Structure formats: C-alpha cells, structure tokens
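Nothing here was measured: the structure is a model prediction, and the numbers come from that model. Just so you know, residue 1 is the first one in the sequence shown, and it goes up from there.
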Amino acid sequence: MAIVLAYWLFLFFLTLPYGILSAGILKLEIKNALLFPVLGMFFLAVTYSIIAFFFPLNTIVFIITCVFASTLYFLQNSKLKAAIGALKKSLFTLTATTKFIILIVLAAVSLKFSLPPQLIDNYSYYIQSIKWINEYGFVKGLANLHLFFGQASPWHVLQAGLNFSFLTNRINDINGFIFILGILYYFTESVKNKNSWIGFMPFFSLLFFPFLDAPSPDLPLLVLTPIILHLFLKENYKVSYILFLFIAFVKITIAPLGVIFLILFLKNRNNILLFTSGFIITGSIWIIKNIIITGYPIFPLTILSVNTDWKIPQEIITSIGSISNSFVYNAPVNASWTQKITNWFLVPGIDGFFNKTAVILFIIMPCIGIFRKNKNLMLIYTALLFQFVLLLLTSPQFRFFLPAILFFSAYILHVIFSGALLKYRDITITLGSIGCIFAFTGLLPENNIIKNSNQFSLSYLLVPEKNNGNEKINYTKTATGNLNYYSPEKDFIYYTGNGPLPCLNKKQLDYIKQKTGYIPQLRNEKTDAPLSGGFISVKK
C-alpha cells in the first residue's frame, strides 16, 4: 500500500512536466491542472510506442525518461509552479466531507492494488504483453504465438515504460493513478459548477472496480470519456479532442465517438492542423504497430492485410473469434443475427443487466427536454448510438459501451437533482461514493479461474503483491517444431501468467492445431536472438 502510494506520487511528478510541455506545443488551454499528468501520459504513450518499434523499453529508456523530466523541471520552472499552485488551490476549495471521501478512496484503492489481481485478462495476456515490450519491444508476428498479444495496447506500452521491470514485478498499478486523477477531476469540477453532471461520476465508481487492479485499457476509457464529454459541452474542443485521441489510441472501440469532432471540423476548419496532424500521428503509429505484430493494419478487423510471412492465418482469427462471439451473444456460432441480439438482450447475470440498461438509457435520453435543446448533447448522443450499433454488429461486450451508460446515468441524476432537489445533490453524491468504498477493499467474490486469495495480509500495508498474484504456477519447457516455449500447468487455455518468454499454454496450442492445423514457429531460428526475429504460423 505504501509503495503503491509512493509510485502514484512518482508518476504524478514524472508526467506533470511532460503534460505541460505537450500543452505548450499544442497551445492548449488547460483550466484544470489535473489534466497535465493525463497529457503527460499521452505524450509518453506515443513516445514509448515509437521507441518500441526499434528498442525494448528497458532500464536505459526509463533513465532517459527521468533525466528528461528533470531537465523539463528546470526549463519550465515557472509553469510547473503555477500548475502545482493551481492544483493546490482547487483541492483546498473542496469541502471537508469531500476531502474525507477522497482520502478514504485513496487509501482503499491503494490497498486494492496491493492485493492479488483478480482480472482474468491480466493473466491471459496483460502480463506477457508488457513483458515482451520490456524485453524486446514490438515483435514481428507475435500474435502468432498468442492471438491476444495482437492487441498490444499503447496502454500496456505505457505501463511497460514505467513499471520498474528492472527491479521488481510488483508494479502493475498505472490504472490506479488514472483513476485517482479522474476522481479528483470530477470533484474539483463539481466545486466550480455546483450544478454540473460530472459531479455525479464518483457515484458510479463501483463500475470502475472490475478494471482497477490490473493495467486494463478499458479503465482509461471509463475515466476519461466523461472528462472528454464535459470539456466538449463546455466548448473546450481542442483539449477534448486531444484526450479523445488518447483513449482511441489505447482502445480502438471508442473510435466512433470521434464523429462529434469530425462534424465539428467540417463546420469550423480553424483547427484543421491540430485535428489532422493528431489523427495522422496516432493513427500511423497504431497501424504500423498492428502490421508488425499481426500483419493486419486495422486489427482486430481483417478486411485489410499486408503480404508478410508473419501475417496471422485467417483460420486462426476466425476460429477464436467465432468462439468469443458465441460467448458474447450467448448464442450458437451459426445463429441468425436476430437470434443473437435476442439472446444478448435476455442473457442473465451482470452482462444482461448492463445490456438492458444500455438499451433503456438510449430510449430515455431523447425524451429529456433539456437534452433535446442542446445541440452538442444531441451530437454526443448520436455518436454514442453509432458506436452502440457498431458494437451490436461486431462484439457487444458491455464494457465497451459502459462509457455511454456512465454518461447517460450521470446526466439523468443531474436532471433529477436540479431545481427543488438541488439541496440533496451533495448528500446523494457523498452516500453513493462512500457506498462504493466497500468494493474497493476487495469484498467482491474472487475470480473462479484465478484462485487468488483476497485475504488481507499485514505485508500489503507496505509491499504490493506480485503482478501474477500469489499463485505458484509451474512452467514446463516444451517444444513444437523449431519453437521451444514454456507452458503453464493451468487448465484455462489462454493462461500465460508471468511465465518465461516465450510463454504459451500447450492446451491452447493443441486446440488451435486441432481446429486449423497451424502451430507457431520461430521466423529466424538460426540467429543469435531468435525471439526478436518474431513468429510465424505453419501448417502441420
């Protein structure tokens, strides 16, 4: 817990000067100093992604990052002092109750990050994706080894650059940092405008819980999308657009939201250079990264491909994709689209709850009078509806449209607690926020695949658990063709954990071989560094 808090403090002072540098280069008007660290994270995510094309994100890169940040403190001394002063001032204006809530949430979240991670994706590919970037950078055809490695989110690149991998494997906590920045932003903006909808965001902090304890790219979407929409409605379009580029860069599922900026650009071309250059830079990095790792420029879509020897065979993508879609739609692979949507809507449990909630909210929002009178609100609604429809046609996982649910829900509460009920607004937010704290302490049921214990240990007050939790997994060195790999003794076929590179579950390899006939192989087995040469799929 203490180390996690110290790490977040380190991240703040590391990202702050990079954020101020970015704001200066882009000529952004930043009215809340909490956005400077966010911009700094975007700057580093882009920079690290470029570096990963050529080098691993190792100790040297980390030292250079810190040295350059220190240099910026001298070069931007006055701006840094002004930013820190503005941040102190905004925090001091918070009420005593709000400060108490923030302290409790800070302590609870840091404790949560000290416990063993429960997010299954952390064990199937987050840890390994980050490890590959730390040791090799972007590797050609890496997704042939494990299809999930093809995602290679810049969010994982950012974590790889800042995780102290040369010292420990216990620093896996970048999500906590962005979450705390978001909570502070919601509260400070609520103080500036007592009747702002964004003040209700802490009320829904429980929805952030499943994505908190590992570097899930879904969390920055949930945290930053309300901020983007808040800035857009306040007509701070440039900052809103830059933050949108950030979340689209780390998670492409949010890209349809960009419709609001496209329409804005078509109406007003004053910022044409910013809009086009930002899109070209981040888009080019994302496309090149996809080509290197998968052979498909806009992966996970496969409508475009590059003729490389490391391109993932279509059969593998189709085989795994059909299983995933069958699970998401809760319907057979060969079911009709109507049957899929019906089953998706009626699926029981938490998934079904959010599926139904999303549909209901999309129906309710246009019925709100104040909503219909605001052109920017209607534009946002249209973009979110566009995203929702695209997801229904491809992969309607509720986490992908949670940003829409959060925005609509917060706005409805804002409408309810206005006028005569305005005096109950603060107490509602307070009780809702405190109610979520119990979830942060890890009282929810543990994952039934990852058998970690949520039991509290006194050691967690100082040192966080390892990034692969407290499980003791044996890895067996196995060979197939020219590939020697390490397979975990785990039934879950996608499990890789923190195994040595290259790590692949033999059960997954056998399954794909049975379904498609392909196995992963080294591209350049005779070189001194065969792993850096990448991987291909070969029919056997």
**Q** Hey, does Phe299 have a side-chain heavy atom less than 4.5 Å from the side chain of Leu147?
**A**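 Leu147 vs Phe299: side chains touch.
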**Q** Please find the pair of heavy atoms, one from Thr294 and one from Ala143, that lie closest to each other, and give the distance.
**A**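 Minimum heavy-atom contact is CG2-CB, 3.9 Å.
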**Q** Quick one: are Ile178 and Val38 in side-chain contact, heavy atoms under 4.5 Å?
**A**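 Ile178 vs Val38: side chains touch.
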**Q** Under the criterion ring-ring contact (aromatic ring centres under 6.0 Å, His included), I'd like the reasoning laid out for Phe164 against Phe62: C-alpha separation, chi angles, the key distance, then a yes or no.
**A** CA-CA 8 Å; Phe164 289 88; Phe62 181 82; 4.7 Å; yes
**Q** Keeping Tyr475 on the side-chain end and Gly499 on the backbone end, is there a donor-acceptor pair under 3.5 Å?
**A** yes
**Q** At their closest point, which heavy atom of Glu29 faces which heavy atom of Val239, and how far apart are they?
**A**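 So the minimum-distance heavy-atom pair works out to O-CG2, 3.5 Å.
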**Q** So, Lys289 side chain and Gln151 main chain: donor-acceptor pair closer than 3.5 Å or not?
**A** yes
**Q** For the residue pair Asp121 and Ser124, establish whether any side-chain heavy-atom pair is separated by less than 4.5 Å.
**A**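 A side-chain contact under 4.5 Å exists here.
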**Q** Can you tell me if NZ on Lys140 sees more than 12 non-hydrogen neighbours from other groups inside 6.0 Å?
**A** no
**Q** Quick check against the 3.5 Å criterion: does Tyr241 have a side-chain atom that pairs as donor or acceptor with the backbone of Phe275?
**A**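 Side chain of Tyr241 to backbone of Phe275, a donor-acceptor pair under 3.5 Å: yes, one is there.
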**Q** Distance check, rounded to the nearest 0.5 Å: Asp173 atom CG versus Phe179 atom CZ?
**A**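 CZ of Phe179 is found 14.0 Å from CG of Asp173.
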**Q** Please check: side-chain N/O of Asn498 versus main-chain N/O of Ile127, any donor-acceptor pairing under 3.5 Å?
**A**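 Between the backbone of Ile127 and the side chain of Asn498 there is no qualifying donor-acceptor contact (under 3.5 Å).
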**Q** What is the minimum heavy-atom distance between His146 and Thr496, and which atoms define it?
**A** CD2-CG2, 3.7 Å
**Q** Determine whether a donor-acceptor pair (N or O, by modelled atom type, separation under 3.5 Å) exists between the side chain of Ser190 and the backbone of Tyr186.
**A** no
**Q** Does Asn134 use its side chain to pair, donor to acceptor, with the backbone of Asn58 at less than 3.5 Å?
**A** no
**Q** Does Phe10 CZ have over 12 foreign heavy atoms under 6.0 Å away?
**A** yes
**Q** More than 12 heavy atoms of other residues, nucleotides or ligands under 6.0 Å from CZ of Phe55: is that the case?
**A**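 Atom CZ in Phe55 is not crowded, with 12 or fewer foreign heavy atoms closer than 6.0 Å.
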**Q** For Lys234, does the NZ atom have more than 12 heavy-atom neighbours from other residues, nucleotides or ligands under 6.0 Å away?
**A**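 Counting other residues, nucleotides and ligands, NZ of Lys234 stays at 12 neighbours or fewer.
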**Q** Is the backbone of Ile536 close enough, under 3.5 Å, to the side chain of Arg523 for a donor and an acceptor to pair up by distance?
**A**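 Absent.
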**Q** Are side-chain N/O atoms of Thr65 and Tyr18 paired as donor and acceptor at under 3.5 Å?
**A** no
**Q** Tell me whether Lys251 contacts the main-chain N or O of Ser153 through its side chain, where contact means a donor paired with an acceptor under 3.5 Å.
**A**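 Absent.
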**Q** Of the non-hydrogen atoms in Leu91 and Lys99, which two are nearest, and what is the gap between them?
**A**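 Heavy atoms of Leu91 and Lys99 come nearest at O-CE, 3.4 Å.
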**Q** With heavy-atom distances below 4.5 Å as the criterion, would you say the side chains of Gln159 and Tyr48 are in contact?
**A**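 SC-SC contact between Gln159 and Tyr48 ruled out.
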**Q** Could you tell me the separation between the CZ atom of Phe42 and the CD1 atom of Ile247, rounded to the nearest 0.5 Å?
**A**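 So the CZ of Phe42 and the CD1 of Ile247 are separated by 10.5 Å.
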**Q** Spell out, as yes or no, whether a donor-acceptor pair under 3.5 Å connects the side chain of Gln387 to the backbone of Thr253.
**A**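 Confirmed, Gln387 side chain pairs with Thr253 backbone.
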**Q** Within the distance-only criterion (no hydrogens, no angle test), does the side chain of Tyr73 pair as donor or acceptor with the backbone N or O of Phe13 below 3.5 angstrom?
**A**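 Yes, the answer is positive, given that a donor and an acceptor are paired below the 3.5 Å cut-off.
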**Q** With a 4.5 Å limit on heavy-atom distance, are the side chains of Phe149 and His156 in contact?
**A** no
**Q** How long is the span from the CH2 atom in Trp8 to the CG atom in Leu11, to the nearest 0.5 Å?
**A** 10.0 Å
**Q** Check this for me: Lys81, atom NZ, are more than 12 non-hydrogen atoms of other residues, nucleotides or ligands nearer than 6.0 Å?
**A**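 Check fails, neighbour count at 12 or below.
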**Q** Return a table of donor-acceptor pairs under 3.5 angstrom between the side chains of residues 214-233 and protein atoms on other chains or two or more places apart.
**A**
from	atom 1	to	atom 2	distance (Å)
Ser216	OG	Tyr126	OH	3.4
Ser216	OG	Asp218	N	3.2
Ser216	OG	Asp218	OD2	3.3
Asp218	OD1	Arg399	NH1	3.4
Asp218	OD2	Arg399	NH1	2.6
Thr225	OG1	Leu221	O	2.6
His230	NE2	Glu189	OE1	3.0

**Q** Give me the atom names and distance for the closest heavy-atom approach of Phe535 to Asn144.
**A** O-ND2, 3.2 Å
**Q** Can you see which heavy atom on Pro37 is nearest to which on Leu16, and at what distance?
**A** CD-CD1, 4.2 Å
**Q** Should the heavy atoms of other residues, nucleotides or ligands under 6.0 Å from CD1 of Ile60 be counted, would the total exceed 12?
**A**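 For Ile60, atom CD1 is not crowded (no more than 12 foreign heavy atoms under 6.0 Å).
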